[in-house]
Number of protein chains: 2
Amino acid sequence: MTQTMPAGATAAGPADRCSAPPPPHPRPDGQDHYTISEAVACTGLTAHTLRWYERIGLMPHVDRSHTGQRRYRNRDLDWLEFVNKLRLTGMPVADMVRYAELVREGESTYGERRELLESTRRDVLTRIAELHDTLAVLDRKIGFYAAGA
Amino acid sequence: MTQTMPAGATAAGPADRCSAPPPPHPRPDGQDHYTISEAVACTGLTAHTLRWYERIGLMPHVDRSHTGQRRYRNRDLDWLEFVNKLRLTGMPVADMVRYAELVREGESTYGERRELLESTRRDVLTRIAELHDTLAVLDRKIGFYAAGA
DNA sequence: TAAGACCTTCGAGTGCACTCCAGGCAAGCG
DNA sequence: CGCTTGCCTGGAGTGCACTCGAAGGTCTTA
């Protein structure tokens, strides 16, 4: 259970509410709470990382069971999915924490949140352009090696 | 001289062979050797990083002056430019070192080099797709904030 | 009721990619 | 000649994003 799991193997295991890939968002609302290991299966993050996100203020407060265990809800998983998206844009965790703070502060921060997202959007566009550039270079080199082989 | 410099300020300074952005590759072949600070101006890397790249085997041997100072040539700067491209694909430095080793080993490694570049190419395509995905999410959220503001 | 899986906390450790420092040499200049 | 600037080396330090360990509580199944 380190990183990869055969996501479509058995469809009724204890942590399989969320792991089948065919429907991209298979989180049912019937029982809107998941253990940390179910959240792990959903998000691809480790339990350590999920707890760490909470410690540093990147999670908007996760419910607990009567015995103190974390119970993730659909909105938490949605948030984590969004965080994952931000993560692969290269955004530093500190900036994501900042955004999470703005969310906690309520509607008065809509403007600032929008600015943050728009600046991120610009970064993403830049990054895409750079990658296209890189792609061109790679194709040239690959063509060279293909010709020389 | 930490990171940014007004690249188009004076066009005849001691390290300005390479810093004007308008032509993308303004490296003249007239005097095909540059000091480390000129290489810094060209590549955007720091001198520390350039020396470190050499230590770890990421550079294909840089010439020295009679007093032991590094003299970068155009092919070195081309290589660094390529490395920079690989870097922003997210390729680990260890993999780039591996590629550099293959280059040092000569033509017999063309096949392996091509494989490495093709696998990198696939990664880049994946990354671009992910970024487009992220862009869609950002646009949705930005639209929401724009409507709510 | 007992085993074993799973959860909790806090703090320390890891890996990567730089980044910096101390101490020293060499060249150009007033 | 001394001063400044630029470069050299090896090794230590930094920041980020996890990642792990230890010690212990809880839940489930036999």
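Naming: A, B, ... by sequence-line order, numbering from 1 per chain. From a predicted model like this one, the values you see are computed outputs, not experimental measurements.
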Task: Aromatic centroids of A/Tyr145 and B/Tyr110 separated by under 6.0 Å - done: yes
Open item on the list: Could you tell me how far apart B/His48 (NE2) and D/dG13 (C1') are, to the nearest whole angstrom?
Closed with: 12 Å
Open item on the list: Expressed as a whole number of angstroms, how long is the span from B/Ile56:CD1 to C/dA17:P?
Closed with: 8 Å
Open item on the list: I'd like to know whether CZ of A/Arg127 has more than 12 heavy-atom contacts from other residues, nucleotides or ligands below 6.0 angstrom.
Closed with: no
Task: Salt-bridge present (A/Arg73, A/Asp32; N to O < 4.0 Å) - done: yes
- [ ] Using a strict 4.0 Å threshold on nitrogen-to-oxygen distance, state whether B/Glu112 and B/Arg98 make a salt bridge.
- [x] yes
Open item on the list: Under a 3.5 Å distance rule, please check whether A/Ser119 uses its side chain to pair with a backbone N or O of A/Glu115 as donor and acceptor.
Closed with: no
Open item on the list: Does A/Thr109 form a side-chain contact (heavy atoms from CB on, under 4.5 Å) with A/Arg104? I'd like the steps, not just the answer.
Closed with: CA-CA 9 Å; A/Thr109 62; A/Arg104 274 196 291 283; over 6 Å; no
[N], OP1 or OP2 - any side-chain N/O from [X] closer than 4.0 Å?
X	N	value
B/Arg51	D/dT9	no
A/Ser37	C/dC7	yes
A/Tyr53	D/dA17	no

Choosing from [options], which nucleotide comes nearest the side chain of [X]?
X	options	answer
A/Arg55	D/dT19, D/dC7, C/dC18	D/dT19
B/Val93	C/dT19, D/dC18, C/dC18	C/dC18
B/Ile36	C/dA17, D/dC7, C/dC7	D/dC7

Open item on the list: Does anything in residues 61-73 of chain A come within less than 4.0 Å of DNA chain D? Heavy atoms only, and list the residues if so.
Closed with: A/His66, A/Thr67
